[in-house]
Amino acid sequence: MHSTAQKVADAAQALGIEIAVKEFEATTRTAADAAQAIGCTVAQIVKSLVFIVGDQSVLALVSGPNRLDEKKLAALGGVSRKKVRRGDAETVREITGFAIGGVPPFGHKTHLHTYIDEDFWQFDVIWAAAGTPNAVFSITPAELARVTGGMVVDLKTNE
Ligand code: 5CA
């Protein structure tokens with residue numbers, strides 16, 4: 001296993017769960033790529049999106065096809081819409097320790113306040129990145145909520 005994926009597996013173990021990391025030859029960089037490699041629906045893919053909300057770094061775990069509504073993130077954080085911005089590639093690496101396309105939902109360099117898309121609860125199992133753009137692991141929505149301490153919310157745009 002790639003050492004970066006191993007770091008994610010170790011972080012999972014420290015949080016009290018065992019994850020089986022799957023590494024692919026093909027890229028799993030985007031939600032669509034990951035779904036294709038795994039053979040699951042795009043909605044079962046966890047996008048790990050970093051935002052700066054006010055002065056707080058926030059991780060939004062969003063179901064593949066959903067678009068995050070920054071207005072909802074602002075409301076949840078109790079800040080104005082103008083105080084929400086998406087982390088750029090450099091910021092994401094600084095805050096999480098991982099590069100975009102491989103950002104896992106936990107095991108980051110710094111603790112991130114986490115929100116989880118309620119849409120995941122229609123599935124028994126969902127898949128998230130394991131640190132690299134070709135590694136993923138499966139987890140139940142309940143386990144993901146438990147290990148991240150994330151708040152289950154409605155995050156998506158309604159367009
Ligand atoms: N490995 C897959 C899922 S298992 C994955 O990491 N998907 S992701 O959605 O969490 O990561 C890709 C996301 O990074 C894209 O949805 C996109 O929102 C974001 N992204 C891509 N390029 C940039 C960029 N230059 N700056 C900020 N965010 C970006």
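All ligand and atom numbering here is 1-based and tracks the order in the structure. Atom set for the values below is all heavy atoms of this structure, side chains included, hydrogens, waters and symmetry mates excluded. The model shown is predicted, which means the values in this text are computed figures rather than measured ones.
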Would you please indicate if the ring centroids of Phe106 and Phe98 are separated by under 6.0 Å? no
Write out the residue and atom name of the closest protein heavy atom to atom 7 (N) of ligand 1, then the distance separating them to 0.1 Å. Arg29 O, 3.5 Å
Specify the protein heavy atom at minimum distance from atom 27 (C) of ligand 1: its residue, its atom name, and the distance to 0.1 Å. Gly87 O, 3.3 Å
Can you pull out the closest protein heavy atom to atom 1 (N) of ligand 1? Residue, atom name and distance to 0.1 Å, please. Thr28 O, 2.6 Å
I would like to know whether Gln44 and Thr41 meet side-chain hydrogen bond (donor to acceptor under 3.5 Å, both in side chains); could you show each step before the answer? CA-CA 5 Å; Gln44 282 172 282; Thr41 64; 3.1 Å; yes
Return the residue, atom name and 0.1 Å-rounded distance of the protein heavy atom closest to atom 28 (N) of ligand 1. Ile100 CD1, 3.4 Å
Please determine whether residues Ile45 and Ile116 belong to a single hydrophobic cluster, defined as Ile, Leu, Val, Met, Phe, Trp and Tyr linked transitively by side-chain heavy-atom distances below 4.5 Å. no
If hydrophobic clusters are built from ILVMFWY residues whose side chains come within less than 4.5 Å, do Met151 and Leu59 share one? no
Closest heavy-atom contact between Thr28 and Asp33? CA-CB, 3.9 Å
Going by the 4.0 angstrom heavy-atom rule, the piece of Val92 near ligand 1 is neither
Applying a strict under-4.5 Å side-chain criterion to I, L, V, M, F, W and Y, I'd like to know whether Phe123 and Val46 cluster together. yes
For atom CD of Gln36, decide whether the heavy atoms of other residues, nucleotides or ligands shown that lie under 6.0 angstrom number more than 12. no
among protein heavy atoms, the one nearest atom 10 (O) of ligand 1 is Ser48 N, 2.9 Å
Proximity of Arg86 to ligand 1 by residue part, where a heavy atom lies under 4.0 Å: side chain
How far is atom 13 (C) of ligand 1 from its nearest protein heavy atom, and which residue and atom is that? Leu49 CD2, 4.1 Å
Are Pro133 and ligand 1 in contact, using a heavy-atom cut-off of under 4.0 Å? no
Does Asp154 come within less than 4.0 Å of Lys72, counting only side-chain N to carboxylate O? yes
Looking only at protein heavy atoms, identify the closest one to atom 4 (S) of ligand 1 and say how far it is in Å. Ala129 N, 3.5 Å
Going by the 4.0 angstrom heavy-atom rule, the piece of Ile45 near ligand 1 is side chain
